Amino acid sequence: MPPTFKLYDTMTRTVKPLETVEPGHLRFYCCGPTVYSHAHIGNFRTFVNADLVVRVAQALGWRVTYVSNITDVGHLTQDDAADAGGEDKMARALASKDGERFNSVWELAEHYEQGFRNDWNRLNLREPEVRPRATQHMREQILAVEELISQGRAYETPTGVYFSVDSFEDYGKLSGNRSRDDLKVAVREVVQDDNKRNPADFALWKKDDKHLMQWHSPWGWGFPGWHLECSCMARAYLGDTIDLHAGGEDLVFPHHECEIAQSESLTGKSFSNHWMHVRFLQVDGEKMAKSAGNFYTLRELVDVRGFDPLAVRYALLATPYGKPLNFTLTNLEAAERHVRRARSAAQRVSEALGKPFHQVEPGPTRWDRVYDEALEALCDDLNTSVALARFLEAIKDLTKEESWTPEEAVEAARLLRRFEDLLGLIGGERTSEEAAEPTEDAAWIEQKINERAEAKKAKNFARADAIRAELDAAGIELRDSPSGTEWVRRPQA
RNA sequence: GGCGCCAUGCCCAAGUGGUUAAGGGGACGGUCUGCAAAACCGUUAUGCGGCGGUUCGAAUCCGCCUGGCGCCUCCA
């Protein structure tokens, strides 16, 4: 009897079973990044948890249609009274110092999207079935605006087309921002426009024939509002009603509130039956944000400081998504140990097996209790703390084993395969090439290790220790074992 | 002001009414090692922010207080 998959639902503010419209088929939309700069690991906390939802659903035997978008137009910076036109984040990025190396905003978007996909892969995140871009769904968005106008829920002004918040009675049902007085203050990414009927009305289309990215529409040249793309792309790929919609906690209002208003106006149906929001990552007790400048990127942690990308994945999962996660390098170092131990155990199993453990089909093992408890914990609103504890328990058990018979190796590989499918913390499938990639100094390190082995054999321990110290200074740690000496690169915290 | 969230050992953190309060990091002791590292074994909260209350029984439920965080403004 498989466990019931339960998740906190922002709309009802309760933990409730994740139910699918079509039995056994999860239609899942997760709001993706705006590609105006490198995503930081706070962004990835959301995607790692979304990834876990996909993996748990698959572990339960569900089919999953996972859609996560790329926002490459329309996401505006904050309203600036001095700049009645507002400013597109993409355009601003291009105009900045960093943007000088790009020939166009399209190139900039392409560059950061590639960077994002690279990080995505290194974090061992499942690829969505569809990763739509806002700029490639202009037709849907324009048609949606026309429909909303014909319904009387949207209206045109000299600066754009707005959604009339007052026309949608349920506006505010997700965030709890229902008070009209409060909403008057809650104006965001909308131009200063005296022709607006209500200050809280939000833009569906902005007129701007000077904009770097513009399309022709019934209202002239311009570009769509940020909220519209998700409504249109979710509908295009997942249908009128989706099972689960996820994003960072900041998206509750106004982004998701606006999506609901648009989508439910367009279809007359419930937009999403379940809403999941991932809490922010913090640094030193304050939220990590690009605007605050206190952020880490995966590139920095991995390429500069030498951490394992899966250690970052581990660290992002160590605190359940519903709580703030105070990110520290100390915790990342702990995560690095766990990931290395897991990989080391997996390597030994694979060696005993004669092939990568991934190639064994997942199946029942004598460790079923541990795996089942991990899955059960994840089904309980993604209790990653418990799931990771079970994972470590399994890894410890494998590490203790001194040798493997072929039969035992198959069983151990099955266990690893199941845990890898569920948590993705061992890696090795996609990262094998880069892990095996020979570096210039690898040969030098091997030579030093051989020299040290010779010195040890000759009982010249001073010489052996000197070599070890030399390598240590270069950030290389040695690990002796009866079968020889291994080395690992130490992360620089 | 409106809407929410959180407070468990040196640190991260599970636990949401009932035997000895998971797990991890760190520290300390031990095994192994030429010595280390890695690995393994052991030790490390009579107490769960404070004060009341409900109950046979509360870290777990209720109230108040204190402290912290997020959204409402670009942010995942």
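Since the structure is predicted, the reported quantities are computational estimates derived from the model, not experimental observations. Convention: sequence-line order gives letters A, B, ...; per-chain numbering from 1.
No salt bridge links E336(A) with R305(A); every basic N to acidic carboxylate O contact stays at or beyond 4.0 Å. Between R131(A) and E127(A) there is a salt bridge, with a side-chain nitrogen of the basic residue lying less than 4.0 Å from a carboxylate oxygen of the acidic one. Using a 4.0 Å cut-off between a side-chain N of Lys or Arg and a carboxylate O of Asp or Glu, R366(A) and D397(A) do not qualify as a salt bridge. The residues K16(A) and D9(A) are annotated as salt-bridged, a charged nitrogen and a carboxylate oxygen being separated by less than 4.0 angstrom. Using a 4.0 Å cut-off between charged side-chain N and carboxylate O, E401(A) and R348(A) make no salt bridge. Taking a cutoff of 4.0 Å between a charged side-chain nitrogen and a carboxylate oxygen, E393(A) and R369(A) qualify as a salt bridge. Comment: R490(A) engages D472(A) in a salt bridge, judged by a side-chain N to carboxylate O separation of less than 4.0 angstrom. R479(A) has no carboxylate O lying under 4.0 Å from a charged side-chain N of E486(A), or vice versa, which leaves the two without a salt bridge.
G47(B) sits 16 Å from A22(B) when the C1' atoms are compared, rounded to a whole Å. With P as the reference atom, U20(B) and A45(B) are 16 Å apart, rounded to whole Å. If you take atom C1' in G24(B) and the same atom in U8(B), they sit 15 Å apart, rounded to whole Å. Atom C1' of U33(B) sits at a distance of 47 Å from the matching atom of G68(B), rounded to the whole Å. If you take atom P in U60(B) and the same atom in G15(B), they sit 14 Å apart, rounded to whole Å. Here, G23(B) and A14(B) have their C1' atoms 7 Å apart, quoted to the whole Å. Here the separation of U43(B) from G57(B), taken at their C1' atoms, is 31 Å to the nearest Å. To the nearest whole angstrom, the two P atoms, one in C61(B) and one in G18(B), are 11 Å apart.
The distance from atom CZ of F44(A) to atom P of A76(B) is 11 Å, rounded to the nearest whole Å. What separates CH2 of W120(A) from P of A76(B) is a distance of 13 Å, to the nearest Å. Between the CZ atom of F307(A) and the C1' atom of G25(B) there is a distance of 13 Å, rounded to whole Å. Regarding W226(A), its CH2 atom lies at a distance of 12 Å from the P atom of U73(B), rounded to whole Å. Distance, F202(A) CZ to U73(B) P: 14 Å, rounded to whole Å. The CE-C1' distance, from M11(A) to C3(B), rounds to 14 Å in whole Å. Straight-line distance from the NE2 atom of H256(A) to the P atom of C72(B): 13 Å, rounded to whole Å. Taking atom CG of D397(A) as the reference point, atom P of C40(B) lies 10 Å away to the nearest angstrom.
Checking G52(B) for Watson-Crick or G-U wobble geometry (two distances, each under 3.5 Å) identifies C62(B) as its partner. Using Watson-Crick or G-U wobble geometry with both donor-acceptor distances under 3.5 Å, A21(B) finds no partner in any strand shown. With a cut-off of 3.5 Å on both pairing distances, the Watson-Crick or G-U wobble partner of C5(B) is G68(B). Pairing for C28(B) is with G42(B), a Watson-Crick or G-U wobble pair whose two hydrogen-bonding atom distances lie under 3.5 Å. C35(B) makes up no base pair with any nucleotide shown, lacking Watson-Crick or G-U wobble contacts both under 3.5 Å.
Residue G247(A) is in sugar-phosphate contact alone, with no base atom involved, counting any heavy-atom pair closer than 4.0 Å across all strands shown. Using a 4.0 Å heavy-atom distance criterion, H338(A) is classed as a sugar-phosphate-only contact. Residue contacts shown for E393(A) are absent, as no nucleic acid heavy atom lies under 4.0 Å away. L325(A) comes within 4.0 angstrom of nothing in the nucleic acid, heavy atoms only.
For C31(A) against S68(A), the heavy-atom pair with the smallest separation is C-OG, 4.4 Å.
Interatomic distance, CG of D201(A) versus CG of D166(A), reported as 6.5 Å (0.5 Å rounding).
RNA chain B is contacted by both Q282(A) and G248(A); Q282(A) maps to the nucleotide lying nearer its 5′ end (nearest heavy atom per residue).
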Tell me, with the steps shown, if Y36(A) and Y112(A) meet ring pair (Phe, Tyr, Trp, His ring centres under 6.0 Å).
CA-CA 7 Å; Y36(A) 65 101; Y112(A) 286 117; 8.0 Å; no
What do the steps show when you test F5(A) against H274(A) for ring pair (Phe, Tyr, Trp, His ring centres under 6.0 Å), and what is the final call?
CA-CA 12 Å; F5(A) 192 1; H274(A) 212 120; 8.6 Å; no
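Near RNA chain B, meaning a heavy atom under 4.0 Å away, the residues from residues 375-386 of chain A are N383(A), S385(A), V386(A).
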Could you list all N or O pairs between the protein and nucleotides 4-12 of chain B that sit under 3.5 Å apart?
unit_1, atom_1, unit_2, atom_2, d
C5(B), O2', R279(A), NH1, 2.9

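In this structure a side-chain-to-backbone donor-acceptor pair under 3.5 Å is missing from R279(A) to E249(A).
Minimum atom distance to the side chain of L392(A) is reached by G23(B), of the listed C72(B), A76(B), G23(B).
You'll find the side chain of D119(A) stays beyond 4.5 Å of the side chain of I41(A), heavy atoms only.
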Per-nucleotide protein contact string for nucleotides 28-39 of chain B, where B marks a base within reach and S marks sugar-phosphate only (heavy atoms under 4.0 Å, - for neither)
------BBBBSS
